[in-house]
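Here the structure is laid out as C-alpha cells; the discussion comes afterwards.
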Amino acid sequence: LGERIFFDTRFSGNGAVSCASCHMPELHFTDGRPFGVGMGVIPLNAMSLVGASYSPWQTWDGKNDSQWAQALIPLENPLEHGGNRTRFAHIVAEHYAAEYEAIFGGLPDLADKQRFPLNAGPVDNVSAAIAWENMAPDDRDAVNRVFANIGKALAAYERTLLPKPARFDRYVASLDDNGRVQGEPILSADEIAGLRIFIDKGNCLNCHNGPRFTNDSFHNTAVPGAPGYPLQRGRIDGVMRVQRDIFNCLGAYSDAPPEACVELRFMVTEGDTLLGGMKTPTLRNVAETAPYMHTGQFATLADVVEHYNGGGYTVQGHNELEPLGLTEEEAQQLEAFLYTLTEE
C-alpha cells in the first residue's frame, strides 16, 4: 500500500506531484536538483531515503522522529504536495479502502461532506484551515488517524529501501584478520590512500562513521547558505518542531510504547551544534547523488572536499570545521575513495 501511495500523484493539490517527484528510484531516491520541486520550489535538497529507516531523526534539521511522521510533512506543505488531511482521507476511501481496512481496520464514514469536508486541515490555505476548525473534535481525530496511517504505510515501503553492497564492502570482506587483502586487488592504490585519509587526516569519521557512513547527528561545518534565500537555522528549529508534533513518538497516534521513545525523551535541546547544525547525510552512493549539502550548494564531490579542506567561517552558530591541509593529490585520493561507496 505504501509503495502505491508513494508513486500516486493524486496525493497532491494539483494531481501532478508524488513522493517520487523528489525521491526518484533511479537516483537512489534523490532528484539530482539543488532544491526539491513539487507544487512550488522547496529550498532544501532532497535527502536520499536509502537506509533512512535506521536514523532516529528525519530531514536536515531532524524535525521528525520517525519515517511515518516525516512522510506527513510534505503532504500538507503548500510547496510540496499542497494537500490537506480530509482530502487525503477521501482519496484513501475512494481508491484504497479495501487495502487500508485490511491493514488498519475500518475507515470512518466520510460520506457526509458537512462533517468531513473535501478540503480541511491545519494548513496555510485559509478556507481549508477554517473548515478544519469547524469540524467536531472527534471527527478531526478520526481524520488524523487516517492521515497518520497513510504515513505509516509510506514508512513501511520506505523501510524496504536499503543500501546494497558497494565495492568498498567487497574490499572489507576480502581482508584477513591482519587487514591484508586476499585474492585480486579490489581498490586501487589511490582509493586505499583515500580511505586512509578518510579515517585519519581528513577527520571524516567525526561525522561519517558506521555502516551507513553517518552518525545520524547534527553538525555545523560552515556550509554557506543558498544565495537569495533565508539561512536555514537547522537543528534548533527541528528540536522545537519535533517536540510539539502531535505525530511524534509520544503522541496519541504513535504505536510505540512510551519506553521506546528514548531519543525523544532524551534529545539534546541545548548546545553549540543546535544553531546551524544540519544532519549528517549517508555517504552510501554519494558519487551518484549530487548536488550536495542541505541546499545543494556544492555541485561536485571535488567542491565538497575543497570546502572541508579549506575550512571556513560560519555566519551563525558554532563552527566545527577546521582546515585539513590536504595536498591536491590527497584531495583527489579522498574523492576517489568516495566513489567506492557506490552500490554494485
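Start at 1 with the first residue, then count along the sequence.
To the nearest 0.5 Å, the span separating SG on C204 from CG on L195 amounts to 10.0 Å. Rounding to the nearest 0.5 Å gives a distance of 9.5 Å between CZ of F198 and OG1 of T340. Here the OG1-CD distance, from T327 to Q333, works out to 7.0 Å after rounding to the nearest 0.5 Å. Within the model, atoms CG of N285 and CG of L338 stand 12.0 Å from one another, a figure rounded to the nearest 0.5 Å.
Here the closest heavy-atom approach between residue N319 and residue T221 is recorded as OD1-C, 4.0 Å. Between D216 and S55 the shortest heavy-atom distance is OD1-OG, 3.1 Å. Looking at every heavy atom in both residues, A148 comes nearest to Y253 through CB-CB, 4.0 Å.
Between D109 and F116 the shortest side-chain heavy-atom distance does not fall below 4.5 Å. For the pair N125/N119, no side-chain contact is recorded, criterion being any heavy-atom separation below 4.5 Å from C-beta on. A heavy-atom distance below 4.5 Å is found between the side chains of E101 and L107. The side-chain heavy atoms of L301 and Y339, taken from C-beta on, include a pair separated by under 4.5 Å. In this structure, the side chains of V37 and D31 stay at 4.5 Å or more apart for every pair of heavy atoms. With a 4.5 Å cut-off on side-chain heavy atoms, F104 and V146 do not count as touching.
Formation of a donor-acceptor pair under 3.5 Å by the R167 side chain with backbone atoms of I186 is found in this model. With hydrogens and angles ignored, the 3.5 Å screen pairs no side-chain donor or acceptor of N45 with any backbone N or O of F35. For the pair Q114 (side chain) and D112 (backbone), a donor-acceptor distance under 3.5 Å is absent. Without hydrogens or angle criteria, R235 side chain to D61 main chain gives a donor-acceptor distance under 3.5 Å. Remark: side-chain polar atoms of N248 are not paired, donor with acceptor, to backbone N or O of N64 under 3.5 angstrom. Side-chain N or O atoms of Q316 include one that pairs as donor or acceptor with a backbone N or O of Q232 at under 3.5 Å. The main-chain N or O of H208 is never found under 3.5 Å from a side-chain atom of N215 such that the two would form a donor-acceptor pair. Not one N or O on the side chain of K279 forms a donor-acceptor pair closer than 3.5 Å with the backbone of H294. Judged purely by atom type and a 3.5 angstrom limit, H23 uses its side chain to pair as donor or acceptor with the backbone of F29. Distance alone, capped at 3.5 Å, is enough to place a donor-acceptor pair between the E191 side chain and the S188 backbone.
Taking a 6.0 Å sphere around CZ of R33, one finds it holds more than 12 heavy atoms contributed by other residues, nucleotides or ligands. Open room surrounds NZ on K164; 12 or fewer heavy atoms of other groups in view lie less than 6.0 Å from it. For CD of E26, the number of neighbouring non-hydrogen atoms (other residues, nucleotides, ligands) closer than 6.0 Å is greater than 12. Counting non-hydrogen atoms of neighbouring residues, nucleotides and ligands closer than 6.0 angstrom, the CD atom of Q182 exceeds 12 such neighbours. Heavy-atom contacts from other residues, nucleotides or ligands closer than 6.0 Å to CD of Q243 number more than 12.
When hydrophobic clusters are built by joining Ile, Leu, Val, Met, Phe, Trp and Tyr residues whose side-chain heavy atoms come closer than 4.5 Å, directly or via intermediates, I192 is grouped together with I197. Cluster membership for M278 and L231, using ILVMFWY side-chain heavy atoms within less than 4.5 angstrom, is not shared. Taking hydrophobic clusters as Ile, Leu, Val, Met, Phe, Trp and Tyr residues chained together by side-chain heavy-atom distances below 4.5 Å, W68 shares a cluster with L161. In the hydrophobic clustering of this structure, L321 groups with V304; members are Ile, Leu, Val, Met, Phe, Trp, Tyr whose side-chain heavy atoms approach within less than 4.5 Å, directly or through other members.
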Open item on the list: Show, in sequence, the C-alpha distance, side-chain angles and deciding distance for T295 and Y229, and conclude whether the side chain to side chain contact (heavy atoms under 4.5 Å, CB included) test is met.
Closed with: CA-CA 10 Å; T295 51; Y229 288 87; over 6 Å; no

TODO: Could you walk me through whether I103 and K152 pass side chain to side chain contact (heavy atoms under 4.5 Å, CB included), step by step?
DONE: CA-CA 11 Å; I103 300 165; K152 292 170 186 178; over 6 Å; no

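Aromatic rings from F213 and F168 are positioned such that their centres are separated by under 6.0 Å. Proximity of the aromatic rings of Y292 and F298 is defined here by a centroid distance below 6.0 angstrom, and this criterion is not met.
With respect to R85 and E76, a salt bridge is recorded, a charged nitrogen being found less than 4.0 Å from a carboxylate O. Here D141 pairs with R145 in a salt bridge; the nearest charged N to carboxylate O distance falls below 4.0 Å.
Note on ring orientation: taking the six-membered ring where Trp is involved, the planes of Y96 and F11 are tilted (angle from 30° to 60°).
Qualifying side chain to side chain donor-acceptor pair (under 3.5 Å) partners for H95, counting only residues two or more places apart in sequence or in other chains: R10. Among residues two or more places apart in sequence or in another chain, the side chain to side chain donor-acceptor pair (under 3.5 Å) test is passed with E306 by none.
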